[in-house]
Visitor: 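Mind having a look at this structure? Questions to follow.
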Amino acid sequence: MNEPRPIQRLLIANRGEIAVRIARAAREAGIVPLGVYSDADAQAYHLGFMDEAARLGPAPASESYLSVERLLEAARALRADALHPGYGFLSERAPFARAVEAAGIVFVGPPADAIAAMGDKTEAKRRAREHDVPVVPGYDGDDQSAEHLEREARGIGTPVLIKASAGGGGRGMRVVTDLGEFDEALEGAKREALAAFGDDRVLLEKYLVRPRHIEFQILADAHGNTIHLGERECSIQRRHQKIIEEAPSVALTPELRARMGDAAIRAARSVGYVNAGTVEFLLDEDGAFYFLEMNARLQVEHPVTELVHGVDLVRLQFQIASGERLHLKQSDVSARGWAVETRINAEDPYNGYLPASGTITRWDPPHADGLRLDSGVDVGSEVSIYYDSMLAKLIAHGPGRAAAIERLTQGLEALRIEGVRTNLPLLLRIARDPVFREGVTTTAFLTERAEFLQTGAAAESDDAFLAAIGAALGGPGAWRVAGVGIPVALRGARRTVRVVAFRTGASNEWRLEGDLAGTYRFAPNARAAVGPSGVALFHEGEVLLFESAPPPNLMGTGSSSGAGRGGAIVSPMPGKIVKVAVKTGDSVAERELLIVMEAMKMEHRIEATRSGTVKSVAVAPGALVASGAILVEIE
Ligand code: ADP
């Protein structure tokens, strides 16, 4: 290796949070960050972090972020001397790395040959095996005929996993529990692999039922020094894709960490790895561990390693790429505290993780010690269907696992996103779960805990209704005279709650009668919006909508209340009219205030039970009325 060649102008060939994160590290290192964008991203958040940026092309990734040609043009136009690929897109395509180097631009990543060797699961497993790294038992031979593969599967035994050799992101994977379905699963896996990677070769692996996903962060310089920065546990996954990651792992003893770390280093060396990379393992319940694959790039979950090791991995990538030696030694490496990351995705966890799109109308990040938010969006950002659904990552660091998880939970509770659906409610439920908190985390966590994926629990809870009622009482429509009974009726997804609320005299305190009878304190709630049609509440990570329902029976005494017969609104009790809010000919909306009457020393609101025009008003202020007397007629 020649003299170190410091990077001056860095093209960041990516978008979203990772582009922002790399740009920050570049600026701190005195490197000029240069951005790229597609037409869908012309106003994107990441561009605000770049000194200059170049347009790549139309929105589809194949014509923009996946176009080698366009990226090289952008690098030339912006006079970049180095390129960071981030993750995803072209980050693990060996021909791209080769083309970048051929253009005289430093590729901030591993050598193209190492990417090629590790990009193929079959090849990677063979190399690992040759270097005494244990691999999951299975078949990774060249005979790809259906008959042969089925015979091998029979030998391995069920459950067996069919995996695309070129795979990534959980695609091209099928678990077979009944060999009678092997052929069909094989066809499916091959079809998916061909469509996603242009390569339909598969391998077979024994399917471990409750393993943990444990991976090691590798750093290797061009001078032959290879170390690991400990493990990350990424077992909480949906559809074989990670959503929560932590460092370190509760499952590793120092002895096991040392053995797995050594195996990770051997795997990296087996392909002549240079730069930052990750060696992934499955750790079975019996303590045996198996090499899965190596990711030849920076990973989404790298921040948990940064927080417990006090390093900036992107900065280290720059140093390695420019030819510097690693200053860290393996013996210097030890984790401090605990870090947990959650991926905030624009997707509906209650509906098959369907990606969501839209404009972000609210983005209030949490601010607290020990929290880091790596975000690729802000208020006004468009979340399109073109790219990955990950919006941001919330990472918490604490002195121990419990403290880190508590910080994370509070951060998730405080984070407020509106305008696009996210997986925040699911993340919150996991973060609060006692089993998760105990550290009983395996890759089967979400499939074993189907209750996490059921919707509506938050929406229908008494707490949610009470928060919405509190907001409605604090809203502009509420009648504020002491002693007035204010009817509130809200319709959730599965039930309607009707109460009449009375101020007790103590500040913010209300006594409710009806479905949720009791005395409550309702502090002003910044997480709710009250409108004419109901209350929108940000609760447990979800935006819940409660519609105004026809008003309740004021005294809870049967049908004679404001719920009128025909168009007539009748007095629910004997009393005195205090105020008449409408006159003949007025048009009124459902729930609009008609009359305030006093009865039993308290004032009560009489509201319209439906919209219409006021046909007649039968009473005037000061009038005494009997129970059942017609007050107003609406037609
Ligand atoms: P990809 O490259 O598509 O992400 P990986 O090989 O990295 O695929 O595996 C992703 C996830 O799939 C793992 O973290 C694990 O949950 C699951 N998985 C992969 N191989 C096995 C196996 N042999 N047994 C059980 N689960 C597996």
Side-chain angles (χ1 to χ4, degrees), residues 87-89 91-93 115 117-129 133-140 152-153 155-177 185 188-190 192-197 199-217 231-246 249 251 260 264 267 277-286 288-301 343 353 388 390 441-449:
Y87 53 69
F89 293 130
S91 60
E92 286 184 285
R93 304 270 179 97
I115 300 179
M118 283 303 183
D120 185 87
K121 289 188 204 289
T122 301
E123 175 68 18
K125 275 184 87 169
R126 288 180 192 167
R127 298 244 193 169
R129 217 171 13 229
V133 177
V135 297
V136 189
Y139 173 75
D140 49 40
E152 291 287 348
I156 296 164
T158 55
V160 64
L161 181 66
I162 307 173
K163 220 185 230 189
S165 187
R171 278 169 301 180
M173 248 192 236
R174 292 284 189 288
V175 183
V176 179
T177 44
K190 280 185 173 279
E192 210 168 288
L194 192 64
F197 316 109
D199 177 349
D200 73 352
R201 284 171 309 126
V202 297
L203 56 133
L204 304 176
E205 279 180 3
K206 181 174 173 51
Y207 186 71
L208 309 181
V209 179
R210 300 183 84 226
R212 290 174 187 258
H213 175 114
I214 307 282
E215 58 185 35
F216 276 73
Q217 176 66 54
E231 79 280 9
R232 294 186 283 261
E233 170 159 355
C234 318
S235 302
I236 307 290
Q237 304 180 347
R238 53 125 175 86
R239 299 195 164 165
H240 302 307
Q241 283 180 281
K242 303 157 189 168
I243 51 170
I244 299 185
E245 300 103 339
E246 56 185 292
S249 163
M260 292 181 79
T278 296
V279 179
E280 298 189 331
F281 297 99
L282 291 181
L283 175 65
D284 209 354
E285 285 180 295
D286 62 5
F289 66 87
Y290 306 99
F291 171 85
L292 256 190
E293 65 166 347
M294 179 163 189
N295 287 133
R297 56 174 164 81
L298 187 69
Q299 283 190 274
V300 173
E301 59 272 25
R343 301 188 188 195
Y353 304 104
D388 192 88
M390 197 178 78
T441 50
T442 72
T443 59
F445 186 87
L446 275 179
T447 39
E448 287 173 356
R449 309 291 302 277

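Counting convention: from 1, in listed order, for ligands and their atoms alike. By convention here, the first residue in the shown sequence is residue 1.
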Visitor: Against heavy atoms of V136, which atoms of ligand 1 measure under 4.0 Å?
Guide: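 Near V136, the atoms of ligand 1 are 23 (N).
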Visitor: Given 3.5 Å as the limit, does a donor-acceptor pair link the side chain of K190 with the main chain of D200, or not?
Guide: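 Between the backbone of D200 and the side chain of K190 there is a qualifying donor-acceptor contact (under 3.5 Å).
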Visitor: Hey, is Q241 one of the residues with a heavy atom under 4.0 angstrom from ligand 1?
Guide: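 Contact check Q241 vs ligand 1: negative.
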Visitor: Considering only NZ, NE, NH1 and NH2 on the basic side and carboxylate oxygens on the acidic side, decide whether E245 and R232 come within less than 4.0 Å.
Guide: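 No, E245 and R232 are not salt-bridged.
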Visitor: Consider only side-chain N and O atoms of E231 and S249, and report whether a donor and an acceptor are under 3.5 Å apart.
Guide: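 Their side chains do not contain a donor-acceptor pair, so the 3.5 Å distance test is not met.
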Visitor: Tell me whether the NZ or CZ atom of R238 lies within the 45° cone about the ring axis of Y353 and under 6.0 Å from its centre.
Guide: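 That pair qualifies as a cation-pi contact.
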Visitor: Looking at T442, D284, T443, which hits side chain to side chain contact (heavy atoms under 4.5 Å, CB included) with R210?
Guide: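 Only match with R210 under side chain to side chain contact (heavy atoms under 4.5 Å, CB included): T442.
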Visitor: With a cut-off of 4.0 Å, which atoms of ligand 1 are near a heavy atom of T443?
Guide: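 Result: 16 (O).
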Visitor: Could you say whether the N/O atoms of L292 and ligand 1 ever approach to under 3.5 Å?
Guide: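 The answer is no, given that L292 and ligand 1 share no N or O pair closer than 3.5 Å.
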Visitor: Decide, yes or no, whether a salt bridge links R297 with E92 under the criterion of side-chain N to carboxylate O below 4.0 Å.
Guide: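 Looking at R297 and E92, the cut-off is met.
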Visitor: Output the list of atoms in ligand 1 that are nearer than 4.0 Å to some heavy atom of K163, sorted by atom number.
Guide: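 Every atom of ligand 1 under 4.0 Å from some heavy atom of K163: 6 (O), 19 (C), 20 (N).
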Visitor: Which of the atoms of ligand 1 are close to L161, meaning less than 4.0 Å from one of its heavy atoms?
Guide: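 It comes down to these atoms of ligand 1: 19 (C), 20 (N), 21 (C), 22 (C), 23 (N), 27 (C).
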Visitor: Considering only non-hydrogen protein atoms, determine which one is nearest to atom 22 (C) of ligand 1 and report residue, atom name and distance to 0.1 Å.
Guide: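 The closest heavy atom on the protein side is L282 CD1, 3.5 Å.
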Visitor: Relative to the heavy atoms of E280, which atoms of ligand 1 are at a distance of less than 4.0 Å?
Guide: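 Contacts of ligand 1 toward E280, numbered from 1: 7 (O).
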Visitor: Please name the residue in the list R127, R129, K121 that meets the salt bridge (Lys or Arg N to Asp or Glu O under 4.0 Å) test with D140.
Guide: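 Of R127, R129, K121, salt bridge (Lys or Arg N to Asp or Glu O under 4.0 Å) with D140 is met by R129 alone.
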Visitor: What about G170: any of its N or O atoms under 3.5 Å from an N or O on ligand 1?
Guide: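 Indeed, backbone or side chain, G170 has an N or O that close.
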Visitor: Please determine which of E233, Q237, E246 meets the side chain to side chain donor-acceptor pair (under 3.5 Å) test together with T441.
Guide: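 Only one of E233, Q237, E246 forms a side chain to side chain donor-acceptor pair (under 3.5 Å) with T441, namely E233.
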Visitor: Using a strict cut-off of 4.0 Å, indicate which atoms of ligand 1 neighbour a heavy atom of Q237.
Guide: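 Within the 4.0 Å cut-off of Q237, ligand 1 contributes 11 (C), 13 (C), 14 (O), 15 (C), 16 (O).
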Visitor: What part of V209, side chain, backbone, both or neither, has a heavy atom within less than 4.0 angstrom of ligand 1?
Guide: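 The answer is neither; V209 stays 4.0 Å or more away.
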Visitor: Show which atoms of ligand 1 fall inside a sub-4.0 Å distance from at least one heavy-atom site of Y207.
Guide: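 This gives 24 (N), 25 (C), 26 (N) as the contact atoms.
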Visitor: Relative to the heavy atoms of M173, which atoms of ligand 1 are at a distance of less than 4.0 Å?
Guide: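 Numbered from 1, ligand 1 contributes 3 (O), 5 (P), 8 (O), 9 (O), 10 (C), 12 (O).
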Visitor: Tell me the closest heavy-atom pair linking V279 and A267, and the distance in Å.
Guide: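 Taking every non-hydrogen atom into account, CG1-CB, 4.2 Å.
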Visitor: State, without any angle test, whether S165 and D120 hold a side-chain donor-acceptor pair at a distance under 3.5 Å.
Guide: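 S165 vs D120: donor-acceptor pair found between side chains.
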Visitor: Please report which non-hydrogen protein atom sits nearest to atom 7 (O) of ligand 1, along with the residue it belongs to and the distance in Å to one decimal place.
Guide: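 Sorting protein heavy atoms by distance from atom 7 (O) of ligand 1 puts E293 OE2, 2.8 Å first.
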Visitor: How far is atom 24 (N) of ligand 1 from its nearest protein heavy atom, and which residue and atom name does that atom have?
Guide: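 For atom 24 (N) of ligand 1, the nearest protein heavy atom comes out as L208 N, 2.9 Å.
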Visitor: Between the candidates R212, K121, H240, which shows the shortest non-hydrogen contact distance to atom 1 (P) of ligand 1?
Guide: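 The nearest heavy atom belongs to K121.
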Visitor: Check contact between K242 and ligand 1, using heavy atoms of the residue and a distance below 4.0 angstrom.
Guide: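 Under 4.0 Å: no for K242.
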Visitor: Taking NZ, NE, NH1 and NH2 as the nitrogens, is one of them in K242 or E215 under 4.0 Å from a carboxylate oxygen of the other?
Guide: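 So K242 pairs with E215 through a salt bridge.
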